[in-house]
**Q** 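One structure, pasted below without further comment.
Convention: sequence-line order gives letters A, B, ...; per-chain numbering from 1.
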Amino acid sequence: MINYRDLENKWQAEWDKAKIFEGSMNQKQSYMVTAAFPYANAPQHIGHLRVFGTADVLARYKRMKGFNVLYPMAFHATGTPILAFAKRLQNKDPELIRELKMFHVPDEEIEKMTDPVYIAEYFIKEIEKGMHAVGFSIDWRRSFVSIEPKFSKFVEWQINLLNSKGLLTKGEHPVGWCPNENNAVGMHDTKHDVEPDIEKEMAVRFEIEGKDASFICATYRPETLPGVTNLFVNEKAVYVACRIGEDGKTYYISKEAASRLGYQFKIEAISEINGEELLKMSCTNPFTGLKIPVLPGFFVNPVVGTGVVMSVPAHAPFDYVAIEKLKTSGYPVPEIKPVKVVDVEIGRSLDKKTGQAQVSDIPALEYLKAVGADVSSPDNLIEQATKLEYKEESHWGKMSVGGFENMSEPEAREKMKGILMQKGNGFEMHILANRPVYCRCGTEIVVKVVDNQWFINYGNAEWKKNVNEAFKDITILPPKSRKAFESAINWLDLRAVARAQGLGTRFPIDNNYIIESLSDSTLYMSFYTIVNLIRDTDPEKLKPEFFDYAILGKGEAEVIAKSTGIDYETIKKCRESFQYWYTNTSRHSGPDLIFNHLTMYIYNHVAILEKKYWPKQIVVNGSVLSEGEKMSKSLGNIVPLMDAVEKHGADPLRFVIVAGADLFSDSEYSDDSVNGIKERFEYIFKIAENMKSMQAGQLEHIDYWLYSKLNRKIDTVSKSMDILELRVASTELLYNSVLELKRYFSRGGKNSIVIKDYINSLVLMLAPISPHIAEELWRMLDYDNFVALEKWPEQDQSMVNEKVERQEDIVDRTIDDAREVMNIVRKKENKEPREINLIVAEDWKREVNNLMAAEKNVGKLIENITGNKDSILGETTKKMNVEMILDYVKGNAKRIGSIQHTDITQEEELSFLKEASGYVSEMLGCKVNVVKESESKSERAKRSMPGKPSIDVSL
RNA sequence: GCAGGGGUGGCAGAGCCUGGCCAAAUGCGACGGGCUUAGGACCCGCUUCCUUAUCGGAUGCGAGAGUUCAAAUCUCUCCCCCUGCACCA
């Protein structure tokens with residue numbers, strides 16, 4: 001048994017002592033790997049291993065490929081999470097305390113965690129410990145925290161630079177808002193961590209007949225306006241007459257709406273009025289100009305929208321039902337005829353058997369029927385009909401009203417919005433789509449439009465164009481996530497850069513704000529190149545001109561030395577270090593960051609740096625599943641990193657998590673999967689130990705086979721490592737290698753030189769993924785240097801022997817076939833087979849086989865053979881009877897598609913089958929003879945095919 | 001809704017770009033056998049159905065249609081699942 005932890009501790013100590021991962025400039029081509037900032041408010045679980053581990057594998061691989069590699073690490077503490085964390089601990093939040101205990105945080109430490117900075121310091125230590133324990137090849141001298149003053153100087157410089165380039169703008173912005181605390185609230189500030197979902201809706205103005213006032217309706221579907229036949233209000237609710245904004249007009253909306261919309265618009269209430277009073281009014285449809293009544297709607301909720309609903313009975317099941325209900329209740333309903341505005345095949349998305357696709361004049365009614373509802377059905381069923389109708393109509397519907405003919409609904413919607421807004425009959429408002437959402441203080445959240453908000457303008461056309469241009473030269477791994485980046489680049493628009501609270505750097509343009517925490521980490525990777533050189537420099541000396549010089553190469557070092565007080569040598573070295581390290585980089589992160597951090601990273605680099613320092617490669621990782629499920633604290637299946645390391649060892653863990661899945665897909669952590677890996681490590685160890693007692697000798701058939709497999713493997717693995725397809729590499733290295741070694745031995749392989757060559761290369765290729773085991777094996781192979789600094793193996797193309805591999809495949813298939821035949825015979829004759837004859841096909845069949853492989857059209861092939869046999873047939877075949885050839889062709893016509901070219905002659909097939917006959921005999925448990933077709937007396941002889949000997953069983 | 005990714009055998013997961021060696025790698029599981037006092041580990045076999053002295057047939061890679069001598073793979077239409085949608089790390 002391998003003692004993983006002992007072995008790993010030993011090698012980690014050796015690496016530290018030799019300082020082999022401390023990056024310093026030398027003649028070699030540099031390569032810098034950076035992974036996303038770990039956030040310093042919790043210790044690590046195994047999920048973190050994914051991104052950082054992949055980065056480490058790349059760093060180690062590139063080192064072996066001859067690069068001078070730097071893998072730095074720093075910590076993120078900016079933003080609100082750590083503040084919220086501290087607050088929760090101040091309140092002795094039992095859930096959080098339970099989580100911390102799960103990570104073995106001692107009680108006395110939890111006691112001290114009321115200070116955000118202490119929290120960050122504590123967890124940074126823990127995370128460092130974890131990263132060290134899994135053997136990351138990190139240069140720790142460059143570690144920093146995103147809240148330290150030196151880094152703040154850097155971020156200030158960056159933000160000022162963006163501003164001077166005209167990339168910051170100021171404007172208004174909707175946010176979730178707690179009216180009680182007067183604060184913006186995000187997900188972290190709400191009960192049950194609900195993200196406030198803010199959506200835009202269209203507010204439509206309906207002028208009231210005979211009054212200088214209007215109703216306001218909120219709607220997602222302004223394009224149905226031509227179909228509006230009336231308005232609905234809640235006759236029991238209280239409404240207010242009010243002024244909205246500066247237009248001096250009077251509007252009627254529900255009282256609740258007025259108070260909530262007050263956070264978006266300037267609203268001044270004039271008087272209250274009961275819903276009942278409104279029923280006496282009528283108003284004008286702003287699109288059609290027709291006069292429409294105001295009716296009581298049973299479903300109208302004064303808290304939703306404006307409390308006034310525009311009614312489209314043809315297309316909204318609730319509206320249709322409300323009118324029908326009114327009619328039966330005896331309410332004096334004026335004549336209302338639903339007006340259809342969209343044509344659609346009703347029930348198109350339903351199961352074809354139940355949904356009758358048809359067009360109707362009152363689709364709303366048909367949709368009620370489609371879900372099995374009628375006017376007396378409960379609200380939830382009507383809701384279902386509404387959803388179905390909305391979905392089908394906006395997906396497949398075609399507008400049928402004047403001016404919008406044949407438009408899709410989304411198209412018509414935009415057009416209608418334009419018309420309404422232009423005429424002053426509509427404006428956009430924000431609503432909380434997932435209301436009610438509550439602040440942690442218990443108050444219901446509203447939408448507030450804040451002004452004075454600073455943005456980074458990622459919508460800037462010129463900037464976007466440059467980024468699109470730059471993106472063409474960036475390698476994205478896996479390549480399939482390229483598209484996501486493309487849409488992210490084009491979608492990114494205004495991005496708030498400052499916020500009122502949180503840890504971080506003060507916003508230099510307005511000191512009341514803090515720089516938003518994603519915006520402060522878009523260029524920081526360049527800070528790694530200089531941070532170790534300014535360790536002892538007073539942060540106050542890090543003036544803009546210093547960064548201008550170090551990062552941008554602007555100005556004169558002497559002048560800057562004078563103005564900043566930093567010594568000349570340091571300034572010079574910073575510039576050189578930046579230039580040296582920042583040319584060849586790989587950035588690693590998770591898929592959820594494509595739409596913010598990673599794309600912002602590209603944007604900021606393009607805006608600020610010279611072209612040669614722009615991003616070169618971005619790697620996107622999937623996450624880690626634990627026992628098939630996403631790890632979540634509530635499920636309690638979160639596995640602390642250190643627990644897993646202690647239990648399984650770092651290398652098996654690295655293997656399963658980092659290399660267990662393709663980049664973008666999730667990898668699976670379970671004890672089973674780790675155990676499988678351990679078993680294979682043990683096997684390789686055993687071979688390495690036993691190797692010493694084996695001997696060298698002449699190369700046999702199976703030796704060539706193993707060399708062939710090895711050299712093919714080197715190529716496959718190298719190519720996979722280049723694009724970080726670690727799943728392929730790991731399967732090849734562990735699973736397939738063990739299979740190959742086992743086969744080698746069972747086929748009688750025993751050459752110590754061959755095995756040593758094989759293990760040697762295998763260990764080298766294992767080194768990036770399982771570095772500790774590789775070091776240990778490297779010693780067992782009698783080397784005394786670090787495998788981490790060795791050269792990656794090169795493929796010897798001449799040793800890749802397709803023919804030998806194919807021959808082994810034939811041996812395998814022959815065994816399978818023979819086994820099958822034997823089973824049939826056993827069953828049929830109820831006797832144990834005594835002997836097996838393998839009958840090898842004649843050479844003429846091989847020639848014909850190859851003709852068939854080349855020409856897949858049987859008719860054409862037969863024509864060719866009969867027509868000009870002299871020109872297409874080979875020497876042996878030419879002399880033969882054409883009928884015999886044609887028989888063979890016809891006999892195999894059906895499987896012509898699967899016939900492959902072969903270059904194995906009968907003599908060769910005969911000889912390697914004879915060589916393997918001992919093995920075949922052992923596998924089958926009976927005597928085996930190998931004979932030529934022409935020499936066999938068996939009637940089955942003629943059934944033999946190239947690579948597929950006919951099998952004759954004697955009882 | 002918009003954007004991105006995906007739907008393959010009991011499960012996980014390759015293959016799809018570059019169509020035919022694909023009833024489909026590999027791992028896990030299940031089953032049968034060996035080893036063992038026994039269990040674990042390990043080794044061997046087996047794992048769609050029918051047929052059969054292998055080499056045959058049917059069904060089959062979300063559904064349907066098409067292109068082709070040939071489709072898991074190409075094209076089209078549809079259905080379903082996952083992720084993200086902003087000031088939040």
**Q** Determine whether any donor atom in the side chain of Thr814(A) lies under 3.5 Å from an acceptor atom in the base of rU54(B), or the reverse, and answer yes or no.
**A** no

**Q** Provide the distance between the two C1' atoms, one in rA58(B) and one in rG10(B), to the nearest whole Å.
**A** 22 Å

**Q** If you check every side-chain atom of Ile824(A), which of rC87(B), rU54(B), rG27(B) has the closest atom?
**A** rU54(B)

**Q** Whole angstrom is fine here: how far is it from CZ in Arg727(A) over to C1' in rA25(B)?
**A** 11 Å

**Q** Should rC49(B) form a Watson-Crick or G-U wobble pair with both distances under 3.5 Å, which nucleotide is its partner?
**A** rG57(B)

**Q** Any salt bridge between Asp903(A) and Arg846(A), counting N to O under 4.0 Å?
**A** no

**Q** Is it the case that atom NZ in Lys803(A) sees more than 12 heavy atoms from other parts of the structure closer than 6.0 Å?
**A** yes

**Q** Using a 4.0 Å heavy-atom cut-off, does Ile899(A) contact any base of the nucleic acid, only the sugar-phosphate backbone, or nothing at all?
**A** nothing

**Q** How close do Val928(A) and Ser921(A) get, heavy atom to heavy atom, and via which atoms?
**A** CG2-CA, 3.6 Å

**Q** Is the shortest side-chain N/O distance from Thr731(A) to OP1 or OP2 of rA25(B) below 4.0 Å?
**A** no

**Q** Just the rounded figure in Å: distance from P of rG4(B) to CG of Asn596(A).
**A** 17 Å

**Q** Can you figure out which of rC87(B), rU54(B), rG45(B) approaches the side chain of Met923(A) most closely?
**A** rG45(B)

**Q** On RNA chain B, nearest-nucleotide positions of Ala488(A) versus Gly676(A): which is more 5'?
**A** Ala488(A)

**Q** Is it the case that Asn604(A) and Tyr458(A) place a side-chain donor and acceptor less than 3.5 Å from each other?
**A** yes

**Q** At 4.0 Å (heavy atoms only), tell me whether Ala496(A) reaches a base, stays on the sugar-phosphate, or touches nothing.
**A** base

**Q** So, is Lys742(A) near the phosphate of rC42(B), with a side-chain N or O under 4.0 Å from OP1 or OP2?
**A** no

**Q** When rounded to the nearest Å, what value does the distance between C1' atoms of rU8(B) and rC16(B) take?
**A** 11 Å

**Q** Give me the distance, rounded to whole Å, that separates rC76(B) from rG60(B) when you measure between the P atoms they each carry.
**A** 23 Å

**Q** Nearest of rC87(B), rG27(B), rC42(B) to any side-chain atom of Glu679(A)?
**A** rC42(B)

**Q** When the P atoms of rC22(B) and rA3(B) are considered, how many whole Å apart are they?
**A** 38 Å

**Q** With a cut-off of less than 4.0 Å, is there a side-chain N or O of Lys480(A) near OP1 or OP2 of rC17(B)?
**A** no

**Q** Using purine N1 to pyrimidine N3 plus N6-O4 or O6-N4 for Watson-Crick, or N1-O2 and O6-N3 for G-U wobble, each under 3.5 Å, what pairs with rG9(B)?
**A** none

**Q** With both distances under 3.5 Å as the test, what is the Watson-Crick or G-U wobble partner of rG19(B)?
**A** none

**Q** Taking the same atom, C1', in rC80(B) and in rA30(B), what whole-Å distance lies between them?
**A** 29 Å

**Q** Counting heavy atoms from C-beta on, name the nucleotide in rA89(B), rU54(B), rG27(B) closest to the side chain of Leu739(A).
**A** rG27(B)

**Q** How far, in whole Å, is rC44(B) from rU54(B) if one measures between their P atoms?
**A** 27 Å

**Q** Separation of Lys483(A) atom NZ from rG6(B) atom C1', in whole Å?
**A** 13 Å

**Q** Flag yes if more than 12 heavy atoms outside Lys942(A) fall under 6.0 Å of its NZ atom; otherwise flag no.
**A** no

**Q** Pick one: which of Glu802(A), Glu805(A), Glu808(A) meets salt bridge (charged side-chain N to carboxylate O under 4.0 Å, His left out) with Lys709(A)?
**A** Glu805(A)

**Q** Mind checking if Asp816(A) touches a base, just sugar-phosphate, or nothing, with heavy atoms under 4.0 Å?
**A** nothing

**Q** What is the distance, rounded to the nearest whole Å, between atom CZ of Phe595(A) and atom P of rC2(B)?
**A** 14 Å

**Q** Could you tell me how far rA86(B) sits from rC28(B) if I compare only their P atoms? Round to whole Å.
**A** 44 Å

**Q** Are a donor atom and an acceptor atom from the side chains of Thr78(A) and His76(A) found within less than 3.5 Å of each other?
**A** yes

**Q** Nearest whole Å is fine: how far is rU26(B) P from Tyr735(A) OH?
**A** 13 Å

**Q** Under a 3.5 Å cut-off for both distances, is rC85(B) Watson-Crick or wobble paired, and to whom?
**A** rG1(B)

**Q** Only pairs with both distances under 3.5 Å count, Watson-Crick or wobble alike; so what is the partner of rU73(B) in this structure?
**A** none

**Q** In whole Å, I'd like the distance from the CG atom of Asn675(A) to the P atom of rG40(B).
**A** 15 Å

**Q** Please classify the nucleic acid contact of Gly79(A) as base, sugar-phosphate, or nothing, using heavy-atom distances under 4.0 Å.
**A** sugar-phosphate

**Q** Under a 3.5 Å cut-off for both distances, is rG32(B) Watson-Crick or wobble paired, and to whom?
**A** rC44(B)

**Q** Could you state the CG-P distance from Asn41(A) to rA89(B), rounded to the nearest angstrom?
**A** 11 Å

**Q** Please state whether the phosphate of rC87(B), meaning OP1 or OP2, lies under 4.0 angstrom from any side-chain nitrogen or oxygen of His173(A).
**A** yes

**Q** Give a yes/no answer on whether the side chain of Arg819(A) brings an N or O atom under 4.0 Å of OP1 or OP2 in rG45(B).
**A** yes

**Q** Contact class for Ser519(A) (heavy atom, under 4.0 Å): base, sugar-phosphate, or nothing?
**A** nothing

**Q** For the pair Glu933(A) and Ser936(A), evaluate side chain to side chain donor-acceptor pair (under 3.5 Å) and give the outcome as yes or no after the intermediate values.
**A** CA-CA 5 Å; Glu933(A) 181 176 345; Ser936(A) 166; over 6 Å; no

**Q** rG4(B), rU54(B), rC87(B): which one has an atom nearest the side-chain heavy atoms of Glu820(A)?
**A** rU54(B)

**Q** Rounded off to whole Å, could you give me the CZ-to-C1' distance for the Arg826(A) and rU52(B) pair?
**A** 16 Å

**Q** Please give the distance between the P atoms of rU47(B) and rA24(B) as a whole number of Å.
**A** 10 Å

